[in-house]
Chemist: 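Structure provided below as structure tokens; questions to follow.
Each ligand, and each atom within it, is numbered from 1 in the order the structure gives.
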Amino acid sequence: DRIDAAASDLRAADAALALTGAGVSAPSGVPPFRGEDGVWSEYDPDAFDVWRFRREPGAFWADWLDLRADLLDADVEPNPAHDALADLSAAGHLDALVTQNIDGLHQEAGAEETVELHGNARRATCRNCGWTTSADDARERAESGDLPPRCDVCDGALKPDAVLFGEQLPRGALARARDLAADSDAMVVAGSSLTVEPAASLPAEAAETGATLILVNLEETPLDSRADYVFRADVTEVLPALREAVGE
Ligand code: OAD
Ligand code: ZN
């Protein structure tokens, strides 16, 4: 069937990667950004841009703590989609997982290499000197003192390590993702609406150099017409089945 065909293309690829979005973490209880139950239907995205952080870091942090509590429950865990991708990477069938997610769940599932295009909400970093601490520590500082939470070294404002609207993507991560996409013979794209650049362009860039595109999403995406395989189904069903069909 189609899973077997996609699996044999993936197995035949010399270089392959996956690109993931919020849909991969949704089954873990992390809400997606868009759609009816999406984060941006409850929160105003303008409250989370980098200009607001610079203008009023204290007010930004007050809102961020609310958003983060909704986004990342302390007990969210990897789901079978994360496990299947981690397994494919450990077995050498995926060279890396490029993700737009900021929850760290691919790493927790044991993926070999994860490229975080939008940073990681489990850390916070000082804007002045680069001192880094865990998001939990930043939250404790925020809750027990004045906002924003501040750096131990230079007293600068800490910023969540998630990429904010208006911010550049981490340069190294983006360069790595582009290199991987350019070199890949196959790409699994899972759980992303493919509406946020530059991540959304990576599959098209890979397709231009002949990569096989395997797309998994509950809904239609702008890339469907260019994909070799479209599975309009849940990532927790398709990815474990794909992993199984690829074999050792
Ligand atoms: P979106 O919320 O835009 O899209 C999630 C996609 O996952 C949708 O297309 C859903 O149809 C699909 N989906 C949801 N649950 C699924 C499931 N169980 N199985 C299969 N598909 C499912 O999330 P992203 O594309 O990741 O930016 O959003 C990209 C960026 O927009 C995010 O990284 C975030 C946001 O602004 C930053 O944090 C910087
Ligand atoms: Zn500092």
Side-chain angles (χ1 to χ4, degrees), residues 18-50 53 57 64 67-68 71-72 79-82 84-85 98-106 115-121 124-133 138 141 148-170 173-174 177 188-203 214-224 230-242:
L19 172 68
T20 67
V24 168
S25 290
S28 292
V30 181
F33 291 93
R34 292 171 188 79
E36 226 173 288
D37 300 323
V39 164
W40 301 141
S41 67
E42 195 182 331
Y43 292 89
D44 178 5
D46 291 343
F48 300 97
D49 66 33
V50 70
F53 175 82
W64 172 259
L67 171 67
R68 196 178 168 279
L71 208 57
L72 265 189
N79 63 55
H82 294 107
L85 291 171
V98 177
T99 189
Q100 299 167 84
N101 298 342
I102 56 177
D103 50 38
L105 291 178
H106 286 306
V115 180
E116 293 179 313
L117 286 178
H118 292 166
N120 191 319
T125 297
C126 173
R127 296 281 292 174
N128 285 339
C129 74
W131 184 79
T132 288
T133 188
R141 284 163 195 252
R150 293 188 175 277
C151 163
D152 270 355
V153 178
C154 76
D155 208 41
L158 295 177
K159 192 191 81 66
D161 268 2
V163 173
L164 305 178
F165 290 114
E167 261 190 319
Q168 299 289 324
L169 270 56
L174 182 58
V188 178
V189 183
S192 176
S193 62
L194 295 170
T195 50
V196 175
E197 295 295 346
S201 300
L202 291 172
I214 302 167
L215 189 73
V216 189
N217 197 303
L218 287 173
E219 296 167 3
E220 199 176 342
T221 79
L223 198 74
D224 284 17
V230 177
F231 298 98
R232 199 156 298 160
D234 199 293
V235 289
T236 59
E237 279 158 28
V238 177
L239 294 176
L242 184 67

Chemist: Which angle, to the nearest 10 degrees, do you find at the Zn ion (ligand 2) between SG in C151 and SG in C126?
Modeler: 110°

Chemist: Which atoms of ligand 1 are found less than 4.0 Å from any heavy atom of F165?
Modeler: 36 (O)

Chemist: Test your reading of the structure: does I102 have an N or O sitting under 3.5 Å from an N or O of ligand 1?
Modeler: no

Chemist: Counting each atom of ligand 1 from 1 as listed, which ones have a heavy atom of V163 under 4.0 Å away?
Modeler: 39 (C)

Chemist: What's the separation between atom CG in L85 and atom CG in L105, rounded to the nearest 0.5 Å?
Modeler: 12.0 Å

Chemist: Would you indicate whether the side-chain heavy atoms of D37 and P32 approach each other to under 4.5 Å?
Modeler: no

Chemist: Could you please compute the angle at the Zn ion (ligand 2) from SG of C154 to SG of C129, rounded to 10°?
Modeler: 120°

Chemist: Ligand 1 versus H118, non-hydrogen atoms closer than 4.0 Å: side chain, backbone, both, neither?
Modeler: side chain

Chemist: So, do R68 and I102 sit near enough that their side-chain heavy atoms are less than 4.5 Å apart?
Modeler: no

Chemist: Does atom CD (Q168) have a neighbourhood of more than 12 heavy atoms from anything else shown, all under 6.0 Å?
Modeler: no

Chemist: Applying a 4.0 Å heavy-atom criterion (strictly less than), which segment of A233 is in contact with ligand 1: side chain, backbone, both, or neither?
Modeler: backbone

Chemist: Step by step, would you call K159 with E167 a salt bridge (charged side-chain N to carboxylate O under 4.0 Å, His left out)?
Modeler: CA-CA 12 Å; K159 192 191 81 66; E167 261 190 319; 3.1 Å; yes

Chemist: Between E116, R34, E220, Q100, flag the one that comes closest to atom 31 (O) of ligand 1 by a heavy atom.
Modeler: R34

Chemist: Going by heavy-atom distance to atom 25 (O) of ligand 1, choose the closest among P32, S192, G21.
Modeler: S192

Chemist: Which heavy atom of the protein is the closest neighbour of atom 19 (N) of ligand 1, given with residue, atom name and distance?
Modeler: V235 N, 3.0 Å

Chemist: For L19, run the side-chain contact (heavy atoms from CB on, under 4.5 Å) check against L215, L194, T99, V188 and tell me which one passes.
Modeler: L194

Chemist: Could you tell me which atoms of ligand 1, counted from 1 in the order shown, lie closer than 4.0 angstrom to a heavy atom of G23?
Modeler: 5 (C), 7 (O), 13 (N), 14 (C), 15 (N), 16 (C), 17 (C), 18 (N), 22 (C)

Chemist: Checking side-chain polar atoms at under 3.5 Å, does D103 have a donor or acceptor matched by the opposite partner on S25?
Modeler: yes

Chemist: Mind checking whether F165 and W40 have parallel, tilted or perpendicular rings, split at 30° and 60°?
Modeler: tilted

Chemist: Who's the nearest protein heavy-atom neighbour of atom 38 (O) of ligand 1, and how far?
Modeler: F33 CZ, 3.9 Å

Chemist: Quick one: SG on C154 to CZ on R127, what's the gap to the nearest 0.5 Å?
Modeler: 12.0 Å

Chemist: Which residue supplies the protein heavy atom nearest to atom 6 (C) of ligand 1, what is that atom called, and how far is it?
Modeler: G191 O, 3.5 Å

Chemist: Pick one of side chain, backbone, both or neither for how D234 approaches ligand 1, counting any non-hydrogen atom pair under 4.0 Å.
Modeler: both

Chemist: If you measure from atom 11 (O) of ligand 1 to every heavy atom of V24, N217, L117, L218, which option wins on shortest distance?
Modeler: N217

Chemist: Can you tell if the side chain of P149 reaches within under 4.5 Å of the side chain of L158, non-hydrogen atoms only?
Modeler: yes

Chemist: Out of D37, V196, L169, who gets a non-hydrogen atom closest to atom 30 (C) of ligand 1?
Modeler: V196

Chemist: Can you name the atoms of ligand 1, numbered from 1 with element, that are less than 4.0 Å from a heavy atom of P27?
Modeler: 18 (N)

Chemist: Closest non-hydrogen protein atom to atom 23 (O) of ligand 1, residue and atom name please, with distance?
Modeler: A22 CB, 3.4 Å

Chemist: Could you state the interatomic distance from NE2 (H118) to CG (L174), rounded to the nearest 0.5 Å?
Modeler: 9.0 Å

